[in-house]
Amino acid sequence: MNNEKISDLDLELVWSRTKEHLKVYDRQGTLMFNSVTGFIHPLLSDRQVKWILEDYEAKRRIYVFA
């Protein structure tokens, strides 16, 4: 099993223009999280996934079209 860890400081949160979707990359540009597809990179710790999902739920914009 790979014991490599990603530092919180190496993660970049990138919101879509409309703030509906979030992608998270590491410093090398590797996709670590994608809210559109539900992808979560296995190198992210449970704690990191938790704070990313909490940030996503708190900040995303939900549009209602009537």
Side-chain angles (χ1 to χ4, degrees):
M1 178 163 177
N2 192 343
N3 290 333
E4 185 178 350
K5 301 287 184 197
I6 303 294
S7 168
D8 293 352
L9 298 175
D10 289 336
L11 297 175
E12 178 185 7
L13 283 67
V14 180
W15 285 92
S16 66
R17 182 182 54 81
T18 58
K19 300 281 195 252
E20 289 179 84
H21 301 292
L22 175 66
K23 291 182 180 179
V24 178
Y25 298 93
D26 68 5
R27 286 187 190 248
Q28 288 75 38
T30 303
L31 182 64
M32 305 302 287
F33 173 85
N34 184 337
S35 68
V36 175
T37 63
F39 173 74
I40 299 172
H41 198 286
L43 286 181
L44 291 175
S45 70
D46 291 342
R47 180 191 55 76
Q48 288 170 324
V49 172
K50 183 177 186 278
W51 71 253
I52 289 169
L53 290 173
E54 286 174 351
D55 190 63
Y56 170 66
E57 289 298 326
K59 293 181 181 173
R60 75 182 172 134
R61 292 188 186 154
I62 302 170
Y63 294 95
V64 177
F65 298 97

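- In the hydrophobic clustering of ILVMFWY residues, with side-chain heavy atoms under 4.5 Å counting as a link, Met32 and Ile40 come out together.
- Here the OH-CD distance, from Tyr56 to Glu20, works out to 8.0 Å after rounding to the nearest 0.5 Å.
- Separating the CG atom in Leu43 from the CD atom in Gln48 is a distance of 9.5 Å, to the nearest 0.5 Å.
- Leu31 and Ile6 fall into different hydrophobic clusters, defined by Ile, Leu, Val, Met, Phe, Trp and Tyr side-chain heavy atoms under 4.5 Å apart, directly or through other members.
- Note that the NE2 atom of His41 and the OG1 atom of Thr30 stand 6.5 Å from one another [nearest 0.5 Å].
- Rounding to the nearest 0.5 Å places CG of Leu22 at 5.0 Å from CG of Leu13.
- Residues Trp51 and Asp8 have side chains in contact (heavy-atom distance under 4.5 Å, counting atoms from C-beta outward).
- Annotation: the span from Ile52 atom CD1 to Leu44 atom CG amounts to 5.0 Å, rounded to 0.5 Å.
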Exercise. Run the numbers on Leu11 and Tyr25 for side chain to side chain contact (heavy atoms under 4.5 Å, CB included), then give the verdict.
Key: CA-CA 6 Å; Leu11 297 175; Tyr25 298 93; over 6 Å; no
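- Annotation: side chain of Thr18 is not in contact with side chain of Arg61 (no heavy-atom distance under 4.5 Å).
- In this structure, His21 NE2 and Thr37 OG1 are separated by 10.5 Å, a value rounded to the nearest 0.5 Å.
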